[in-house]
Amino acid sequence: MRLHARALVALAVASVVASACRFPRDASGTLDAVLEEGRVLVGVVELEPWAVRDGGDWRGVEVELVRRLAEDLGASVEWVPGTESEVLAALEVHAVDLAIGGLTTSNPWGSKVTFTPPHVTTTTVVGVPAGTDIPAELDGVRVVVERGTESEDALRATGADVVPVEEVARGDGPAAVEDWRLDDLGLEPTRHRLLTEDHVLAVPKGENAWLVRVEDFVDVHRAVARTLLEEVGER
Amino acid sequence: MTDRSLGTTQELPEEIEQLYRRAIRLQWYTVVHVAAAAFVLFLVLGGSQAMKSAWLDDLIGLVPPIAYLVAARFDFRDPDDRFPYGYHRSQSIAFFWAALALVLLGLFLVFEAVLKLLSGEHPSIGMAELFGVRLWLGWLMLGALAFTAIPQFFLGRAKVPIAEELNDKVLHADADMNRADWLAASAAAVGVVGIGFGIPFADPVAALFIGAEVLRDGISHMRGFTRHLMGEAPRTVDYHESVPVPEDLETAATEVGWIREARVRLREEGRVYFGEVFVVPTRDEVSVEEVDAATRRLYDEDWRIADLVITVVPDLDIDSHLRGRQR
């Protein structure tokens, strides 16, 4: 047994050295398949502003990122729409190569699929109309927030007078929104930060070469993602 | 001739005392190294599941050296009214903890490997950034594992010969713990490399081999401890052979003029030997001085003899065991 262990280690080290050029690799060859077939299968969850159906096509921050990734790889994108659990279940069994649509690191699927590092980090803050006094405490302050979101829960915890709405609009007064929407809504940020979300792409587990390729792409496209998000906010 | 009275802690030979100090130093190194390795693993792996396992490994690996260092504070204290036989058994207690730690580590490794195999998990390893350089996180993990494994390898190797010299079962079990730790780190390295090659089952399979090996070591030490507790006659630290100290003492005793026959029974208390010498005199009267001189002479046979009593008996038929030893 002692010998086995040493032999295993020696073998492993030798083979790494021998083929360090093609390392790490995929357990089931996703990157090779994408490059060979010239096609990326992307599971997409519809969620503003990350991925939105636009007629027969898709638009959104993450849709645009994926288009650029595919372009880098010399591949076309085939969209596979579904709910979040449909898309991530498809990713888990490797029926798609990539999943997008507002996924964050707090997503409970993190143990079944692999998330890339964040391409964009958003912060939900309480904004007030430009020129108004910034309240030191939120106790009793009337604040508008999108109904049924995590932000709503976080806002309630501050003791603010929470007003849930379907969609926050310009002129609603103080509102809790993600930082990239502030300009669009004519709001100025206060120091009341409610929550921070790391937005990620997801790949199947065990696909190391593919993961590393996507991570490298994300690493150099953070500024692009931020710009895309700000543009959505201005529209 | 060593100056001693009955049951008193003996003066250790100079070279043994030096070795003992060296062993204690090695144990301090081990504690410091394990703590440093845990910190490095934390930096590389963050709060992942793999991290938690590595930490548990480290925590278990700390048990033998800490037990050793605690026992070393008591080992050679003089006997007192509360502990009239001295404190040598502190070593036996440390031995128990070291053996238990090995068993637990083995069980843990096997259990975890089986769980991983059954779940068919395919972990993936992405990129990391170190001082502004982007590189595959797997390389960092391998570096951290090497940092864990290589010193453990040398610590374990340094401890074995000292353990043999000192008749130190705790140190011997702890050397096996160092071996277990570097083997486990190697298994984890095989796992990382396996993941990198897209062979996810390399990890649990390697861990299963190593876990079984560690468990086997642990069980062997646990059996050794049980026999130790039963008062087994002296054996080597690895329990493979008996040590002929009782026979040597009998030979030495019969070289004393007034002793016709002698039978010795010894048991191990921690690292030292306790026992009785039953002697049949050649004549009816023996002086106090003669018995005392014989006792001192026998003590000088081996430094590991800590407590020896000469009992003068008319013949060796009083006990079937004493009668029956085959020379």
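To find a chain, count down the sequence lines: A is the first, B the second, and so on, and within it residues start at 1. Values below: all heavy atoms of this structure, side chains included; hydrogens, waters and symmetry mates excluded.
Residue B/Phe201 qualifies as open at atom CZ: its count of foreign heavy atoms under 6.0 Å is 12 or below. Annotation for B/Trp97: atom CH2 does not count as buried by contact number, only 12 or fewer foreign heavy atoms lying within 6.0 Å. A/Glu46 CD: more than 12 foreign heavy atoms inside a 6.0 Å radius. The number of heavy-atom neighbours closer than 6.0 Å to CZ of B/Arg22, taken from other residues, nucleotides and ligands shown, is 12 or below. More than 12 heavy atoms of other residues, nucleotides or ligands sit less than 6.0 Å from atom CZ of B/Arg227.
Nearest heavy atom pair, residue A/Lys205 against residue B/His122, reads CB-O, 2.9 Å. Here the shortest heavy-atom pairing between B/Ile125 and A/Asn208 reads N-OD1, 2.7 Å.
For the atom pair CE of B/Met127 and CG of A/Asp219, the computed distance is 8.0 Å after rounding to the nearest 0.5 Å. Annotation: the span from A/Arg25 atom CZ to B/Ile195 atom CD1 amounts to 15.0 Å, rounded to 0.5 Å.
Looking at B/Ile199, there are no atoms closer than 4.5 Å to chain A (heavy atoms on both sides), in backbone or side chain. With a 4.5 Å cut-off on non-hydrogen atoms, A/Glu207 touches chain B through its backbone but not through its side chain. Only the side chain of B/Pro200 comes within less than 4.5 Å of a heavy atom in chain A; its backbone stays farther off.
When the candidates B/Gly138, B/Pro123, B/Gly198 are compared by the number of heavy-atom contacts under 4.5 Å with chain A, B/Gly198 comes out ahead. By number of non-hydrogen pairs under 4.5 angstrom with chain B, the leading residue of A/Asp26, A/Thr114, A/Asp216 is A/Asp216.
Between B/Trp139 and A/Phe23, the ring planes lie tilted relative to each other; the angle falls in the 30° to 60° range.
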